[in-house]
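A short worksheet on the structure shown next.
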Amino acid sequence: MNEAALTLEGWYALHDFRSLDWTTWTAADDEERAVALEELHAFMQEWGPVEEAKEGSSAVYSIVGQKADFVMMFLRESLEALNALETAFNKIAFAQYTTKAYSYVSIVELSNYAAGGSAGDGSDPMLNPHVAARLKPILPQAKHICFYPMNKKRELADNWYMLDMDKRRELMHSHGLIGRGYAGKVKQIITGSVGFDDWEWGVTLFAEDALQFKKLVYEMRFDEVSARYGEFGPFYVGNLLTEESFEELLKL
Ligand code: 76R
């Protein structure tokens with residue numbers, strides 16, 4: 001059998017996309033809307049202490065276009081914690097004015113391609129602060145988010161999973177070089193979703209300048225890993241929502 005890349009996993013991830021039901025929101029009276037906003041506020045207030053306790057990170061972004069109106073991105077210690085969050089949201093009054101648009105379940109993942117393919121020295125990788133910070137990343141609250149799921153091809157002529165480790169490492173090296181050209185401009189979080197959701201990875205990018213998403217993704221299309229082996233799902237792009245700008249968006 002071919003050698004699988006070794007992976008390290010960190011926090012579980014839920015990208016929870018919702019749409020606003022403007023018909024019911026505008027039909028609600030002032031008091032109903034106030035209750036909904038108050039419950040939304042209370043729900044979001046719980047995110048800070050979780051982050052301070054280093055048990056997860058959360059962010060909310062509006063989504064541009066008709067695929068969804070906003071996304072809540074949650075990183076947590078377990079699938080149970082993610083499940084509890086979506087259930088808690090569904091129970092608040094505000095949820096009655098939203099519909100489910102899309103969701104993605106995955107886990108923060110690092111692979112050993114860049115580490116030279118070695119399995120490490122046997123020590124706990126979480127003791128390495130650089131590794132720990134990447135496996136349990138605090139979401140940067142950058143102005144923009146870009147999310148899309150992707151696969152690596154498994155076709156007879158182009159099958160990523162049939163390439164030997166050295167070849168994959170060589171290809172991933174070139175992928176990493178392109179990525180590094182965007183250091184300081186785009187932060188990427190790769191989450192693995194084999195066994196969890198419909199694609200193999202989720203790609204979440206953050207940037208202050210949304211144009212850098214297009215530049216990075218376009219440049220990668222010419223790199224063999226993406227050009228030959230990449231298969232991409234729907235793209236979601238959006239703008240940071242603070243509690244204040246979320247309320248502003250909902251104001252009639
Ligand atoms: O983790 C590292 O920094 C080491 C190098 C590296 C790995 C192993 C790396 C660097 N990536 C890795 C793994 Mn990546 N990445 C994507 C996409 O749109 C496309 O064409 C592809 C979507 C982007 C935009 C991106 C960005 N990467 C992966 C994997 C797992 C592959 C596997 O295991 O087979 C996927 C699916 C994937 C996809 N990558 C980087 C970036 C950027 C910006 C970097 C540089 C990060 C840095 O050096 O800070």
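Counting starts at 1 for both ligands and their atoms, following the listed order.
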- Message: Please list the nearest protein heavy atom to atom 47 (C) of ligand 1 with its residue and the distance rounded to 0.1 Å.
- Response: Arg180 CG, 4.1 Å

- Task: Scan side-chain atoms only and decide if Thr191 and Ser106 contain a donor-acceptor pair under the 3.5 Å cut-off.
- Result: yes

- Query: Closer than 4.0 angstrom: is that true for some heavy atom of Ile190 and an atom of ligand 1?
  - Reply: yes

- In plain terms, say whether Asp164 and Lys167 are close enough for a salt bridge, that is, a side-chain N and a carboxylate O under 4.0 Å apart. no

- Query: Does a side chain donor of either Thr204 or His15 reach within less than 3.5 Å of an acceptor in the other side chain?
  - Reply: yes

- Item | Salt bridge present between Asp16 and Arg18 (N-O < 4.0 angstrom) | yes

- Task: Could you tell me which atoms of ligand 1, counted from 1 in the order shown, lie closer than 4.0 angstrom to a heavy atom of Trp160?
- Result: 34 (O)

- Task: Could you list which atoms of ligand 1 come closer than 4.0 Å to a heavy atom of Ser226?
- Result: 19 (C), 20 (O), 21 (C)

- Message: Can you see whether Thr24 engages Asp21 through a side-chain donor-acceptor pair at a distance of less than 3.5 angstrom?
- Response: yes

- Message: For the residue pair Glu208 / His144, report whether a side-chain donor-acceptor contact shorter than 3.5 Å exists.
- Response: no

- Item | Shortest reach to atom 40 (C) of ligand 1 by a heavy atom, considering only His173, Glu200, Gln212, Gln188 | Gln188

- Establish, from distance only, whether the side-chain atoms of Glu9 and Thr7 form a donor-acceptor pair under 3.5 Å. yes

- Item | Heavy-atom gap Tyr182 to ligand 1 smaller than 4.0 Å | no

- Sub-4.0 Å atoms of ligand 1 with respect to non-hydrogen atoms of Met172: 7 (C), 8 (C), 12 (C), 13 (C), 28 (C), 31 (C)

- Message: Quick test: of every protein heavy atom, which one is nearest to atom 26 (C) of ligand 1, and how far off is it to 0.1 Å?
- Response: Met220 CE, 3.4 Å

- Query: Relative to the heavy atoms of Ala114, which atoms of ligand 1 are at a distance of less than 4.0 Å?
  - Reply: 4 (C)

- Query: Within the structure, does Trp201 bring an N/O atom to less than 3.5 angstrom of an N/O atom in ligand 1?
  - Reply: no

- Task: May I ask you to list the atoms of ligand 1 that are less than 4.0 angstrom from any heavy atom of Tyr113?
- Result: 32 (C), 33 (O), 34 (O)

- Any chance the rings of Phe74 and Trp47 have centres within less than 6.0 Å? yes

- Query: How about Arg76 and Ser57: does a side-chain donor come under 3.5 Å of a side-chain acceptor?
  - Reply: no

- Item | Any Arg134 heavy atom less than 4.0 Å from ligand 1 | yes

- Task: Go through ligand 1 atom by atom and flag the ones less than 4.0 Å from a non-hydrogen atom of Phe232.
- Result: 18 (O), 19 (C), 20 (O), 21 (C)

- Message: Quick test: of every protein heavy atom, which one is nearest to atom 8 (C) of ligand 1, and how far off is it to 0.1 Å?
- Response: Ser111 OG, 3.5 Å

- Min N/O separation Arg221 to ligand 1 under 3.5 Å: no

- Query: Heavy atoms only: which of Tyr161, Tyr229, Tyr148 is nearest to atom 24 (C) of ligand 1?
  - Reply: Tyr148

- What atoms in ligand 1 come closer than 4.0 Å to a heavy atom of Val203? 17 (C), 22 (C)

- Interfacing atoms of ligand 1 (cut-off 4.0 Å, heavy-atom, Lys152): 31 (C), 32 (C), 34 (O)

- Message: Whether Lys187 engages the ring of Phe206 as a cation-pi pair (distance to the six-membered ring centre under 6.0 angstrom, angle to the ring normal within 45°) should be assessed.
- Response: no

- Closest candidate by heavy atom, reference atom 9 (C) of ligand 1, pool His175, Arg168, Glu109: His175

- Is Arg154 salt-bridged to Glu200, cutoff N-O under 4.0 Å? yes

- Query: Quick check, are the ring centers of Tyr104 and Phe147 under 6.0 angstrom apart?
  - Reply: yes

- Item | Closest protein heavy atom to atom 21 (C) of ligand 1, given as residue, atom name and distance to 0.1 Å | Met150 SD, 3.7 Å

